[in-house]
Amino acid sequence: SAPAERRAARFGDAWLGLFLEPRHVLAKREQLAELAAAAGRPTPAVALALFCNVGEGRGVHDEAKTYLEGAYGIPYEKTERYTAVGTVEQVAEKLGALVDAGVEGFQLMPAARDCVGQYEPLAEAIALVRAGR
């Protein structure tokens, strides 16, 4: 929200967003830079809370759909583009695009039945991003 952006610019080291595509990240970075400059502060980092599910086949999308529709009560088709769902490589590609747009940190939230089972494939995706995909 706009008040959260103003607070981050005035007092915070970072701003945490949700449901953003890379183009939205760029716009948020510009807004935060303007707000921070007006407050005489450095621009806060942009972080992103991102729902993810790493795996093979349509099942990972079905799991993410069930999770997000249950949590937010809106059709998955409206939130799917803001998630990182698919193979290790596909999730790494999504994370990498967000990093390229300026995201400096993530809160990765598994949209899966087995959250702990997501840790290793997410670590693999992160390693690919760090290695330059």
Side-chain angles (χ1 to χ4, degrees):
S1 70
E5 293 168 14
R6 287 192 299 272
R7 282 191 304 274
R10 287 183 60 210
F11 307 113
D13 295 325
W15 173 80
L16 178 66
L18 175 68
F19 294 136
L20 298 174
E21 293 179 279
R23 64 188 169 92
H24 299 129
V25 171
L26 292 170
K28 289 295 178 191
R29 286 179 54 84
E30 290 174 8
Q31 287 174 318
L32 289 166
E34 289 173 13
L35 291 167
R41 296 198 68 239
T43 302
V46 173
L48 184 64
L50 183 68
F51 289 101
C52 49
N53 192 329
V54 185
E56 301 285 333
R58 185 69 207 162
V60 295
H61 289 277
D62 293 341
E63 256 186 22
K65 175 181 176 163
T66 299
Y67 181 91
L68 287 163
E69 286 182 351
Y72 290 95
I74 56 177
Y76 181 58
E77 293 73 28
K78 293 188 182 263
T79 60
E80 183 176 16
R81 70 180 180 267
Y82 306 121
T83 65
V85 178
T87 64
V88 167
E89 293 79 12
Q90 290 168 325
V91 169
E93 187 64 31
K94 179 71 172 228
L95 292 172
L98 290 162
V99 168
D100 291 346
V103 174
E104 298 177 60
F106 290 95
Q107 176 185 0
L108 298 176
M109 302 176 295
R113 286 186 294 272
D114 179 12
C115 292
V116 174
Q118 289 288 300
Y119 294 171
E120 289 197 28
L122 279 171
E124 290 177 41
I126 292 165
L128 285 176
V129 174
R130 287 184 174 153
R133 300 183 295 279

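Predicted model, so just to flag it, every value in this text is computed and none were measured. The first residue of the sequence shown is numbered 1, and numbering continues consecutively from there.
Contact detail for A4 and W15: the closest heavy-atom pair is O-CD1, 4.0 Å. Nearest heavy atoms, A125 versus A92: O-CB, 3.5 Å. Shortest non-hydrogen contact noted between G12 and R41 is O-NH1, 3.1 Å. The shortest heavy-atom contact between K94 and A84 is CG-CB, 3.8 Å. When all heavy atoms of L108 and C52 are compared, the closest pair comes out as CB-SG, 4.0 Å. Across all their heavy atoms, A36 and A9 have their closest contact at N-CB, 3.6 Å.
A single hydrophobic cluster is seen to contain both V88 and F106, as judged by linkage of ILVMFWY side chains at heavy-atom distances under 4.5 Å, directly or through other members. Hydrophobic clustering (side-chain heavy atoms under 4.5 Å, transitive across Ile, Leu, Val, Met, Phe, Trp, Tyr) groups L50 together with L122. Put simply, L16 and L26 are part of two different groups of oily side chains (I, L, V, M, F, W, Y) that touch within less than 4.5 Å, one to the next. Both V46 and V129 sit in one connected hydrophobic cluster of ILVMFWY residues. Membership requires side-chain heavy atoms under 4.5 Å apart, directly or through other members. Following chains of ILVMFWY side-chain contacts shorter than 4.5 Å, one cannot reach Y82 starting from L95, and the two form parts of different hydrophobic clusters.
Under the side-chain contact (heavy atoms from CB on, under 4.5 Å) criterion, A14 pairs with A45, sequence neighbours left out.
Residue pairs meeting the salt bridge (Lys or Arg N to Asp or Glu O under 4.0 Å) criterion with at least one member in residues 106-127, sequence neighbours excluded: E63-R113. Residue pairs that meet the salt bridge (Lys or Arg N to Asp or Glu O under 4.0 Å) test with at least one member in residues 15-29, sequence neighbours left out, are E5-K28, E21-R23, E21-R81, R29-E104.
Rounded to the nearest 0.5 angstrom, H61 NE2 and E80 CD are separated by 6.0 Å. Distance check: T43 OG1 to E30 CD gives 11.0 Å after rounding to the nearest 0.5 Å. The structure places NZ of K65 at 8.0 Å from CZ of R58, a figure rounded to the nearest 0.5 Å. From E56, atom CD reaches atom OG1 of T87 across 6.0 Å, with rounding to the nearest 0.5 Å. Taking CG from L128 and CD from E93, the interatomic distance works out to 10.0 Å, rounded to the nearest 0.5 Å. N53 CG to C115 SG: the interatomic distance, rounded to the nearest 0.5 Å, is 9.0 Å.
Taking the six-membered ring for Trp and the full ring otherwise, Y67 and F51 have centroids separated by under 6.0 Å.
Between F19 and Y72, the ring-plane angle classifies as perpendicular under the 30° and 60° cut-offs.
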Does the pair V60 and V54 meet the rule for a side-chain contact (heavy atoms from CB on, under 4.5 Å), with working shown? CA-CA 7 Å; V60 295; V54 185; over 6 Å; no
L18 vs M109, side-chain contact (heavy atoms from CB on, under 4.5 Å): CA-CA, chis, key distance, verdict: CA-CA 11 Å; L18 175 68; M109 302 176 295; 4.2 Å; yes
Where do Q107 and L48 land on the side-chain contact (heavy atoms from CB on, under 4.5 Å) test, with the steps shown first? CA-CA 6 Å; Q107 176 185 0; L48 184 64; over 6 Å; no
Verify side-chain contact (heavy atoms from CB on, under 4.5 Å) between Y76 and T83, making sure each step is shown before the conclusion. CA-CA 10 Å; Y76 181 58; T83 65; 3.7 Å; yes
